[in-house]
S.K.: 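One structure follows; several queries about it will come next.
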Amino acid sequence: MQRKRTFKRAATCRRAQRHDHEFEGSTKLAEEGDDRHNHRFAGVTGQAIKSGDSHVHEIDLTRTDFFGHFHKLKKITTGPAIPVGNGKHVHFVLGRTTLADGHVHRFNFATLIDAPLK
């Protein structure tokens with residue numbers, strides 16, 4: 001009697017890849033006098049997160065450039081998608097850095113266009 005062989009398929013844990021956005025910006029100035037400064041930053045958002053009829057992205061940037069200290073952009077969420085034509089979109093971002101050296105920096109910027117070469 002021949003035994004029928006069965007094979008179990010390995011469950012795939014891959015989630016569908018959505019899209020992200022590159023971003024770059026500068027914080028607003030903070031402190032006074034010779035200590036007055038800002039920070040520059042750049043990175044890539046997290047994957048798209050459904051939100052109502054649109055979606056948002058999370059930004060979790062380890063640290064900005066330094067001026068004797070570092071700031072983080074932690075758990076920042078973009079605004080919903082803003083269409084810019086040809087099926088493309090950007091997101092507006094508004095927030096503030098973490099506290100460092102007794103101050104924070106506010107910032108606002110728009111992400112770069114999603115998949116600009118498509």
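This is a predicted model, so every value here is computed, not measured. Numbers here are sequence positions counted from 1.
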S.K.: Taking all atoms of both residues into account, what is the closest heavy-atom pair of T27 and F107, and its distance?
M.R.: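 Looking at all heavy atoms of both residues, the shortest contact is CA-CB, 4.1 Å.
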S.K.: Near K75 NZ, under 6.0 Å, is it more than 12 heavy atoms from other residues, nucleotides or ligands?
M.R.: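 Atom NZ in K75 is not packed in, count stays at 12 or less.
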S.K.: Can you confirm whether more than 12 heavy atoms, excluding those of R40, are under 6.0 Å from its CZ atom?
M.R.: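 No, CZ of R40 has 12 or fewer neighbouring heavy atoms, counting only those of other groups under 6.0 Å.
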S.K.: Write down the atom of V104, the atom of H71, and the distance for their closest heavy-atom approach.
M.R.: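 In this case the closest contact between V104 and H71 is CA-CE1, 4.4 Å.
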S.K.: Quick one: sort the H19 and H91 rings into parallel, tilted or perpendicular, breaks at 30° and 60°.
M.R.: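 Rings of H19 and H91: parallel, as their planes differ by under 30°.
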S.K.: Going only through I, L, V, M, F, W and Y residues with side-chain contacts under 4.5 Å, is there a path from L73 to V44?
M.R.: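 No: no chain of side-chain contacts under 4.5 Å links L73 to V44.
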S.K.: CD of E24: more than 12 outside heavy atoms within 6.0 angstrom?
M.R.: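 For E24, atom CD is not crowded (no more than 12 foreign heavy atoms under 6.0 Å).
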S.K.: Once you measure the plane-to-plane angle for H69 and H39, does it fall in the parallel (<30°), tilted (30-60°) or perpendicular (>60°) bin?
M.R.: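 The arrangement is perpendicular - the two ring planes meet at more than 60°.
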S.K.: Does any non-hydrogen side-chain atom of K74 lie less than 4.5 Å from one of L61?
M.R.: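 They are not in side-chain contact.
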S.K.: Please report the interatomic distance OG1(T111) to CG(D20), rounded to the nearest 0.5 Å.
M.R.: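 Output value for this atom pair is 10.0 Å.
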S.K.: Roughly how far, to the nearest 0.5 Å, is the CD1 atom of I59 from the OG1 atom of T77?
M.R.: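 If I round to the nearest 0.5 Å, the distance is 8.5 Å.
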S.K.: Taking side chain as C-beta onward, heavy atoms only, is L112 less than 4.5 Å from F23?
M.R.: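 Heavy-atom side-chain distance check fails, nothing below 4.5 Å.
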S.K.: Can you give me the closest heavy-atom contact between H89 and A81, atom names plus distance?
M.R.: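 For H89 and A81, the tightest heavy-atom pair comes out as CD2-CB, 3.5 Å.
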S.K.: Taking all non-hydrogen atoms of both residues, which atom of V56 and which atom of T78 are closest, and how far apart?
M.R.: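 Residues V56 and T78, closest heavy atoms: CG1-O, 3.4 Å.
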S.K.: Specify whether H37 and H103 have parallel, tilted or perpendicular ring planes, treating 30° as the upper limit for parallel and 60° as the lower limit for perpendicular.
M.R.: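 Correct class here is perpendicular.
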S.K.: Looking at the rings of F41 and F109, which for Trp means the six-membered one, are their centres under 6.0 Å apart?
M.R.: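 That pair passes the under 6.0 Å test.
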S.K.: Going through the distances and angles, do R96 and H105 end up as a side-chain contact (heavy atoms from CB on, under 4.5 Å)?
M.R.: CA-CA 5 Å; R96 66 181 192 171; H105 295 266; over 6 Å; no
S.K.: Pick out which of N108, I76, T45 makes a side-chain contact (heavy atoms from CB on, under 4.5 Å) with V93.
M.R.: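 Considering N108, I76, T45, a side-chain contact (heavy atoms from CB on, under 4.5 Å) with V93 is found only for I76.
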S.K.: Would you name the heavy atoms of N38 and S26 that are closest together and state the gap between them?
M.R.: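 Closest pair (atom of N38, atom of S26, distance): ND2-CB, 3.7 Å.
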S.K.: List the atom of K88, the atom of I113, and the distance in Å for their closest heavy-atom pair.
M.R.: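 Smallest interatomic distance, heavy atoms only, reads CB-CG2, 3.5 Å.
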